[in-house]
Amino acid sequence: MLPIDAAAHSSRWRRRHPVDKAVLGLGLTVLAISLPPWPGAALVLLTALALLLGPAGVPGRQLWRAYRVPLGFCATGAVTLLVQVGGPDGFVSLAAGGPARAGELLLRTSAASLGVLLFAFTTPMSDLLPRLVRAGVPAPVVDVALVTYRMSFLLLDSVRLVRAAQAARLGHTTRAATWRSLAGLGSTAFVRAFDRAQRLQTGLAGRGYDGSLRVLLPETRVSPRFTGASLTLLAAVAALTLVLERPLT
């Protein structure tokens, strides 16, 4: 199981309905995109960070391990705004106003990423995907997503076992041995993936699969209090942004 999925299953908000958490997490993401980068996106970032480390109870180390990947993409995209190609100053030169635009983009994207992580760290996929059918998503699409989600864990587990076996047999002692081990890892994972898929298809056929996977879901209801508090918080962030922005314009 991936660390973010394990954290979602042990989250304090694990038993809340996905709609409750979607209003809060995705609402923060929308605010990060729509409000001015300063101070709007900065307020969204601080709010999402406080919710993740506070009420949601996400450990800081796990949050950083998951956040550093999208943060790297955010920083990479922002760096490109610092330079321009062509023009009177040469083939590559510093862009006029580049640092300001790069900072704004970094604020927006990093805050929006935290909003998505707030939803991901509190909502397991096993709770979300089956409910998409009730939201109007075609059942075959949801079934494919469920099977792919399950197969990804099996494939990652197979890769981990093969790597451990190769390391125990000194398969990573030299560069040449490492490349041979990597080739063997890829071929073994490819064969095992097809074998797992075939066995899964046989198992489903033996259980009378009729085109729909029925999954038991925990009994949860949308909380009007939680949703109302989330909407109030989102409105407060937007209002505070307008108040702080006004003297600067």
Side-chain angles (χ1 to χ4, degrees), residues 1-35 39-74 107-135 137 142 145-146 148-150 152-153 156-157 213-241:
M1 182 177 291
L2 296 176
I4 190 171
D5 199 69
H9 279 278
S10 59
S11 171
R12 296 175 185 172
W13 292 349
R14 165 72 169 81
R15 298 300 176 184
R16 291 197 175 276
H17 198 280
V19 171
D20 294 338
K21 295 170 283 189
V23 170
L24 181 58
L26 302 185
L28 288 173
T29 301
V30 172
L31 288 183
I33 298 173
S34 58
L35 291 177
L43 289 175
V44 171
L45 189 148
L46 294 176
T47 302
L49 191 61
L51 290 171
L52 280 163
L53 299 178
V58 178
R61 181 173 297 180
Q62 289 186 358
L63 176 60
W64 169 245
R65 289 182 61 185
Y67 185 45
R68 62 187 180 184
V69 177
L71 186 60
F73 283 102
C74 297
L107 270 178
R108 282 189 186 278
T109 53
S110 57
S113 299
L114 274 181
V116 175
L117 285 178
L118 176 61
F119 182 73
F121 264 107
T122 55
T123 309
M125 293 296 291
S126 57
D127 287 354
L128 175 63
L129 289 177
R131 288 186 169 91
L132 293 180
V133 178
R134 304 176 184 176
V137 179
V142 176
L146 281 170
T148 304
Y149 178 69
R150 173 59 179 164
S152 63
F153 288 109
L156 290 174
D157 186 61
L213 294 173
R214 295 170 179 83
V215 180
L216 293 177
L217 294 173
E219 290 294 333
T220 56
R221 295 182 179 179
V222 178
S223 173
R225 291 183 59 186
F226 188 91
T227 304
S230 299
L231 294 175
T232 302
L233 178 62
L234 296 176
V237 171
L240 184 59
T241 299

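Since the model is a prediction, treat every value here as computed from it, not as a measurement.
You'll find the side chain of F226 stays beyond 4.5 Å of the side chain of L231, heavy atoms only. Between F73 and S113, every side-chain heavy-atom pair lies at or beyond the 4.5 Å cut-off. Using a 4.5 Å cut-off on side-chain heavy atoms (C-beta onward), S223 and R16 make contact.
In this structure, the side chain of R108 engages the main chain of A32 through a donor-acceptor pair within 3.5 Å.
For the atom pair NZ of K21 and CZ of R14, the computed distance is 7.5 Å after rounding to the nearest 0.5 Å. Atom-to-atom distance recorded for L233:CG and L31:CG is 9.0 Å, nearest 0.5 angstrom. Taken to the nearest 0.5 Å, the CG atom of L35 stands 12.0 Å off from the CG atom of L107. Separation of atoms OG1 (T123) and NE2 (H17) is listed at 10.5 Å; rounding is to 0.5 Å. To the nearest 0.5 Å, atoms CG (L49) and OG (S110) are separated by 10.5 Å.
Partner V58 forms a side chain to side chain contact (heavy atoms under 4.5 Å, CB included) with one of L117, L52, L118 and no other, that one being L52. The side chain to side chain contact (heavy atoms under 4.5 Å, CB included) test with L28 is passed by exactly one of L51, V116, L114: L51.
The two residues S230 and L24 make their nearest non-hydrogen contact at OG-CB, 3.7 Å. The shortest heavy-atom contact between V222 and V19 is CG2-CB, 4.0 Å. Closest of all the heavy-atom pairs between P18 and L128 is CB-CD1, 4.3 Å.
Residues F121 and W13 place their aromatic rings such that the two centres sit no closer than 6.0 Å.
Looking only at atom types and distance, the side chain of D20 has a donor-acceptor partner in the side chain of T227 under 3.5 Å away.
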